[in-house]
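Notes to accompany the following structure.
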Amino acid sequence: MRDHALLHVNGVPCQVRGREAFMMLADWLRKTKGLPGTKIVCAEGDCGACTVLRACETPGVEAGSAPRFDAMNSCIALLAQMDGAHVVTVEGMQAGEELAPAQEAMRRCHGSQCGFCTPGFVMAISGMLEQHGPGPVDARCARNHLTGNLCRCTGSAPIVEAACTVRVSERHAVRPRYATAAALAASRAAQAESMLVEHDGFRFFAPVTLREACTFAAEHPDLRVVGAGTDLGVPVNKGRPMARSMLSLHLIPEVHESRLTRSAVQVGARVPLSQLRHLCDEAVPEFARFLDLFASPQIKNVATLVGNIATGSPIGDTLPFLLVAGGTVHVASRPGGKGPVQRRAIPMTDLYRGYRQLSLQPGEIITHVTFERTAPQQTVRLFKVSQRKDLDISTVSAAYAVTWQGKRGRGPRQIVEARVAYGGVAATPIRLAEVEQALVGAFDAARAEQVAELIARSIQPLSDVRGTAAYRSVLAANLFRQFAGEVLHG
Ligand SMILES: Cc1cc2nc3c(=O)[nH]c(=O)nc-3n(C[C@H](O)[C@H](O)[C@H](O)COP(=O)(O)OP(=O)(O)OC[C@H]3O[C@@H](n4cnc5c(N)ncnc54)[C@H](O)[C@@H]3O)c2cc1C
Ligand code: FES
Ligand code: FES
């Protein structure tokens, strides 16, 4: 059993154990490693000042092409979670005296004034280059990659210009410089062994088998499973107590798997949302488009679908979709820490018991999620209303999936099955059974209006800082009117 996490920082191997393993990566880089280029401003994943690049190999996958470097926020990730990671900070970007392409572009376009946000932008642009390759970058692509970064001085125009005009340089390419054969081999060797780091009554366990994970979960009732920690890390930075026992599944091969079958999508507990977005591109295009509105690249490159589900927030963005797409959560456990691993499946419609309460039994771990692919005779539409378009939490979200009979243009089309779900209108995300029944049959403008009014009557939202109950009711009905307008008028 390893008593340390192994990560590489700018190519240098670092073993972290004890107290250090429970520090946030950004704090550790600045205070312990003497790498103050990584800045900390919000400490909650919102501003991008702490952006670094990270690559990780997938356990169990044969050594092949080197893993990709993606941007992530280092302020909300515990060092123990970085086990197996190859981290590159802004200090690692220059080649000798020569500035990295993103640094040079920021200088040329006057993208920096006080400079506090600049390292984060440099790393976000560098992450974009790693994904995008050498072709020209348009403003839309640049803006998408910069949604997770804030600048208080320049306005965004010079920075977007820097991202659009950055020139790729082979000399600075991150992958060949930092994902070297020696570094990858060292990570792979460490990943073959389970890890337990401990300090002052806190323990962080990362086993290599699901059986060990389930045993640990059975023996530690106060356990927190840690995914990417994007939800768990923020309260820790705000002074809330950290869980005493943490379990990470990152060394278990099966939770990294994602696959498409003829009718379904399967997503392992450690698959990041950015990978899921690509998987869904053709199989569930509306969900793929919707994920573009979810958080920032820095969050999506690490955050998981399972984390979004298990947080149980009534405004979790993926939940209305999963409710209308036949989402099912698959769990594993080893009751009493004895016998074989037991598995069961919980339909999303049975998962939420109350505000942030899940119907998981103590010791149950989510291994993966499945949901349906969009069928050719189906229309699926997803909506999110938030106070700003990017990097914001929903006020209300909605998901509609209807199955049609008959073709367009020959009188009202018939709906043979309808599924309707909302987030942000109750203590949990909900399906509206009465509304679904009312939708079955011929669908025209008059029916659409009746259904919109029924939606407003069927929900009892709460008022909070994001909107009053009355506003949410109007919003829920109007989102349906928008959906109806789109399907009736194209
Ligand atoms: C800046 C920022 C922006 C965000 N934007 C959005 C947004 O636009 N929309 C949105 O919906 N959310 C958003 N979030 C919330 C969060 O990022 C998502 O909910 C994310 O999907 C959580 O995934 P994670 O892997 O980081 O979960 P973690 O933080 O690791 O875990 C979240 C919860 O899930 C539990 N859990 C994780 N894995 C398992 C498992 N295998 N079995 C059982 N329980 C498990 C954990 O114990 C914890 O309770 C945002 C967060 C931040 C910091
Ligand atoms: S410091 Fe703001 S995202 Fe990390
Ligand atoms: S240059 Fe000052 S915050 Fe961006």
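Start at 1 with the first residue, then count along the sequence. Because only heavy atoms are used, hydrogens play no part in the values below, and waters and symmetry mates are left out as well, while side chains stay in. Note that ligands are numbered from 1 as they come in the structure, with each ligand's atoms numbered from 1 the same way.
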Would you mind listing which atoms of ligand 3 come within a distance below 4.0 Å of any non-hydrogen atom of G115? 1 (S), 2 (Fe)
Geometric cation-pi criterion, R381 with Y400: 6.0 Å, 45°: no
Assess R203 against F205: is NZ or CZ under 6.0 Å from the centre of the six-membered ring, and within 45 degrees of the ring's axis? no
Side chains of D83 and Q191: is there a donor and an acceptor less than 3.5 Å apart? no
Between H368 and H330, how do the two ring planes meet: parallel, tilted or perpendicular, split at 30° and 60°? parallel
Sphere of radius 2.8 Å around atom 4 (Fe) of ligand 2 - protein N, O or S atoms inside: C50 SG, C75 SG
Would you mind checking if D3 and R17 are paired as a salt bridge, meaning a charged N to carboxylate O distance below 4.0 Å? yes
For ligand 3, which atoms, with element, lie under 4.0 Å from some heavy atom of C114? 1 (S), 2 (Fe), 3 (S)
State the CD1-CZ distance between I365 and F216, to the nearest 0.5 angstrom. 10.0 Å
Write down the atom of G312, the atom of Y352, and the distance for their closest heavy-atom approach. CA-CE2, 3.6 Å
Side chains of Q131 and D70: do they bring a donor and an acceptor to under 3.5 Å? yes
Could you check whether Q298 and T51, counting side-chain N and O atoms only, form a donor-acceptor pair closer than 3.5 Å? yes
Under 2.8 Å from atom 4 (Fe) of ligand 3 - does any N, O or S atom of C117 fall there? yes
Testing the basics here: between T38 and V90, what is the closest heavy-atom pair and its distance to 0.1 Å? N-CG1, 4.4 Å
With sequence neighbours excluded, residues passing side-chain hydrogen bond (donor to acceptor under 3.5 Å, both in side chains) with E193: none
Dump all N/O pairs between ligand 1 and the protein below 3.5 Å as a table: atom names plus distance, one pair per row.
unit_1	atom_1	unit_2	atom_2	d
ligand 1	8 (O)	A295	N	3.0
ligand 1	8 (O)	D317	OD2	3.3
ligand 1	8 (O)	K384	NZ	3.2
ligand 1	9 (N)	D317	OD2	2.9
ligand 1	11 (O)	N308	ND2	2.9
ligand 1	11 (O)	D317	N	2.8
ligand 1	17 (O)	T230	OG1	2.8
ligand 1	19 (O)	N308	ND2	2.9
ligand 1	21 (O)	T304	O	2.9
ligand 1	21 (O)	N308	N	3.3
ligand 1	23 (O)	T304	N	3.4
ligand 1	23 (O)	T304	O	3.4
ligand 1	25 (O)	A228	N	2.9
ligand 1	25 (O)	T304	N	3.1
ligand 1	25 (O)	T304	OG1	2.7
ligand 1	26 (O)	G229	N	3.2
ligand 1	26 (O)	T230	N	2.8
ligand 1	26 (O)	T230	OG1	2.6
ligand 1	29 (O)	T230	N	3.3
ligand 1	29 (O)	D231	N	2.8
ligand 1	29 (O)	L232	N	3.0
ligand 1	30 (O)	G227	N	2.7
ligand 1	30 (O)	A228	N	3.3
ligand 1	30 (O)	G229	N	2.7
ligand 1	41 (N)	I366	O	2.9
ligand 1	42 (N)	I366	N	3.0
ligand 1	47 (O)	V225	O	2.6
ligand 1	49 (O)	R224	NH1	2.5

The protein heavy atom nearest to atom 3 (S) of ligand 3 is R152 N, 3.2 Å
Suppose we measure from atom 1 (S) of ligand 3 to each protein heavy atom; which comes out shortest, and what is that distance? Q113 N, 3.2 Å
Sorted by chain and number, sequence neighbours left out, side-chain hydrogen bond (donor to acceptor under 3.5 Å, both in side chains) with K338 holds for none
Can an N, O or S atom be found in C151 less than 2.8 Å away from atom 4 (Fe) of ligand 3? yes
